[in-house]
Every structure is written in structure tokens, then in C-alpha cells.
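Ligands are counted one by one from 1 in listed order, and the atoms in each one are counted from 1 as well.
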Amino acid sequence: MIVDDIYRENYSRELIMDNKRIRNTLSLKDSLKSSKIKPGIIAEYKRKSPSGFNNIVNNDIFKYYNKIKESVAGFSILTEPHYFNGNQLDAVSVQCYSKPILIKDFISSTDMIKSSYMIGGDVFLLIADFLDYNKIREFIRYGASLNMEVLLEIHDMKKIGNIYPDENVLLGYNRRNLETLKIEDESENAYDFLKKFGLPLVLESGISLENVEALPIKKYDGLLIGTALLSGEGLINKIASGKND
Ligand SMILES: O=P(O)(O)OC[C@@H](O)[C@@H](O)c1c[nH]c2ccccc12
């Protein structure tokens, strides 16, 4: 499976370890709280994804973020190089916007967390479906030592026991099954499970103009959106108009 390949390739990843930070870390939690648009939007930049997306409309990261920076609470940068054509330097370059940067990768070592810090990341992704509880606790605590927040995402609710609810954690529900790459939506059910942790909740993946009104987005504090925004959909205005109350 692609996910297995990615985690295996982590062992031979070339990681930036020299310090390219130009500013202190920023809080995505705070940014979502103060976002005028509710729920706050975390806009993801990626060149492609194994689920079939190819970024042809917004392939200039600066033009893209210049267009949406006033409306979004944070940026998500895909840094996985093989299946997403990610580049760590994308994160380095968008620090200038002073928006919290989520480093979106299949993180499985403290070196990858350190590298995420060095390239200007404020938040990093951990995936509860694929990491065990002890690893997740270790990585969250290591991130806290760097004043970084963590987006701990889950798809398979049977893995909810892997969640370590620390104060620097935001919980994400990924609508996409990363093993099958299919959208298998349990947004309502996931909310009922995840709200008990008392942490900010982020709804992720496959959010678009077609379905945004049907999704329980008002129950979530943040929305992680890549494809629809990169494809030029006017999704931000629709969310801002709050038409799904
Ligand atoms: O492009 P979309 O369907 O709007 O999805 C964005 C984001 O949720 C998705 O890229 C994602 C969420 N969790 C991940 C983990 C690994 C890779 C990618 C992801």
C-alpha cells in the first residue's frame, strides 16, 4: 500500500536540518479561535496527490496564498516528496505570511519533527491510524519542547485509543481512508467521539462546493481543504456566508 511505502521511504528521506526559521512558532489553535470565518480554513498547498489530484490551476504558491491569505487561519504544506511531489522549501518560503504553517507529512521520527521545525513549521501532522500510542505521546511531547502544536488526525475510529490528548494537540478527522484513498465519511460520528477530548477539532479531506452544505462543518473548529481551493472553487465565500447553519 502507498502508505506503507511512504513510511518505509521515511528511513532514507533527505531532510533539511539546518535552521531556516525566520520567526518564532505561531499557534494554529489561536488562529482558528480568532478567525473571522468560522470554522477557520486551513488551506493546503500540494502539487499532486495519489488520490488523483494534479495542481494545474494554482501551481504558483505565492500567487495562491496571496489570493487567500486574508481569509484563511493557516496554511498546510504537503512535504512528502514521492507521492505528493512535496518540497520542504515550500514551507520555508511561506513563513513570510505570518500564518501558522502545518507541515503535512507522514511523520514517524523525531528527526522529521525537528526538520519540520527547521523549515518554519508551527504544527506537524501525526496519524493515529498508523502510529501507536507510545510513539504518538513521545512525538507530541517532543513537539511541545519545540513549542510546536500537533494535528493528530484519525480516520478509523477503532484507533481512537491511540489519541494522546495533550494541550498542544488539535484533533483531525480525515474523511479519506488513506489506505484505500476513498472518502468514507463519518463526520457526525467522528465529532461525537472526538468532542469528548475537549480539543479543537478539524474536519479534513474532500470538502467541496458540492458537499459543504451537507457536512456538519459548524461542529468543527477548522476545515482542512486542499483540492477544492487549489482547483479554484469559490468555497471560501460559501463557508464565510455560513449557509450551512
Ligand atoms: O485535497 P483535499 O481532499 O481537500 O484534502 C486535503 C487534506 O485533508 C488531505 O490532503 C490530507 C488529510 N490528511 C492527510 C494525510 C496525509 C496526506 C494528505 C492528507
Side-chain angles (χ1 to χ4, degrees), residues 1-7 9-10 13 28 32 39-59 61 64 68 72-88 90-91 101-108 112 116 121 123-131 136 139 150-156 159 162 169-187 190 194 201-212 215 217 220-236 238-239:
M1 249 176 314
I2 288 176
V3 170
D4 297 335
D5 287 351
I6 292 175
Y7 278 110
E9 284 160 8
N10 279 350
R13 278 277 287 273
L28 179 59
L32 288 173
I41 295 168
I42 306 163
E44 181 158 284
Y45 182 80
K46 55 189 168 190
R47 293 185 178 78
K48 69 172 190 172
S49 85
S51 52
F53 170 69
N54 278 294
N55 182 4
I56 42 181
V57 176
N58 282 289
N59 47 24
I61 194 168
Y64 177 57
I68 62 173
V72 302
F75 297 152
S76 168
I77 300 287
L78 237 302
T79 55
E80 195 283 321
H82 303 125
Y83 289 94
F84 292 85
N85 256 7
N87 188 321
Q88 289 191 301
D90 289 337
I101 298 169
L102 164 63
I103 302 300
K104 200 62 143 10
D105 210 321
F106 297 73
I107 287 178
S108 57
M112 290 183 79
S116 299
V123 194
F124 58 92
L125 178 76
L126 294 177
I127 306 176
D129 299 54
F130 308 125
L131 297 169
I136 288 171
F139 292 162
V150 179
L151 175 64
L152 176 56
E153 82 167 35
I154 190 168
H155 173 77
D156 178 359
K159 301 291 178 74
N162 288 341
V169 169
L170 302 92
L171 295 179
Y173 169 65
N174 191 350
R175 299 175 67 240
R176 185 179 301 283
N177 178 330
L178 290 175
E179 292 181 320
T180 64
L181 298 178
K182 298 272 177 282
I183 295 285
E184 299 162 356
D185 182 69
E186 294 273 347
S187 309
L194 298 177
L201 302 182
V202 178
L203 185 60
E204 308 174 20
S205 298
I207 300 171
S208 67
L209 269 178
E210 291 79 35
N211 64 22
V212 70
L215 290 171
I217 66 168
Y220 286 80
D221 304 287
L223 303 177
L224 179 53
I225 308 173
T227 302
L229 292 180
L230 287 166
S231 306
E233 289 186 20
L235 194 45
I236 291 179
K238 185 134 211 186
I239 295 164

*What residue and heavy atom of the protein are closest to atom 8 (O) of ligand 1, and at what distance?*
S205 OG, 2.8 Å
_Please list, in number order, the atoms of ligand 1 under 4.0 Å from a heavy atom of I225._
4 (O)
*Quick check: does any side chain N or O of D221 sit under 3.5 Å from a backbone N or O of L201, one acting as donor and the other as acceptor?*
yes
*Any donor-acceptor pair under 3.5 Å linking the side chain of N174 with the backbone of E153?*
no
*Closest protein heavy atom (residue, atom, distance) for atom 16 (C) of ligand 1*: F106 CZ, 3.4 Å
*Between Y64 and N55, a side-chain donor and acceptor under 3.5 Å*: no
*Please assess K46 against E44 for the test salt bridge (charged side-chain N to carboxylate O under 4.0 Å, His left out), listing each intermediate value before the final yes or no.*
CA-CA 6 Å; K46 55 189 168 190; E44 181 158 284; 3.2 Å; yes
*asked:* I'd like to know if the side chain of E184 reaches the main chain of E186, judged simply by a donor and an acceptor atom lying under 3.5 Å from each other, with no hydrogens or angles considered.
replied: no
_Closer than 3.5 angstrom, by distance alone: can the side chain of N85 be matched with the main-chain N or O of K48 as a donor-acceptor pair?_
no
*For G206 and ligand 1, does the shortest N/O to N/O distance drop below 3.5 Å?*
yes
*Keeping the roles fixed (side chain from D156, backbone from D129), state whether a donor-acceptor pair exists under 3.5 Å.*
no
*Hey, is L230 touching ligand 1 through its side chain, its backbone, both or neither, going by heavy atoms under 4.0 Å?*
neither
_Which of the numbered atoms in ligand 1 are under 4.0 angstrom from any heavy atom belonging to T227?_
1 (O), 2 (P), 3 (O), 4 (O)
*Determine whether the side chain, the backbone, both or neither of N174 has a heavy atom under 4.0 Å from any heavy atom of ligand 1.*
side chain
*asked:* Can you tell me which portion of L125 lies within the under-4.0 Å heavy-atom range of ligand 1? Options are side chain, backbone, both, or neither.
replied: side chain
_Closest candidate by heavy atom, reference atom 9 (C) of ligand 1, pool R175, K104, R176, E153_ = K104
_ligand 1 N/O within reach of G226 N/O, cut-off under 3.5 Å_ = yes
*Tell me which protein heavy atom sits closest to atom 10 (O) of ligand 1, plus the residue, atom name and distance to 0.1 Å.*
E44 OE2, 2.5 Å
*Say whether E233 and S231, considering side chains only, have a donor N or O and an acceptor N or O under 3.5 Å apart.*
no
*Taking NZ, NE, NH1 and NH2 as the nitrogens, is one of them in R175 or D185 under 4.0 Å from a carboxylate oxygen of the other?*
yes
*asked:* I'd like to know if F84 contacts ligand 1, where contact means a heavy-atom distance under 4.0 Å to any ligand atom.
replied: yes
_Heavy atom of E80, distance to ligand 1 below 4.0 Å_ = no
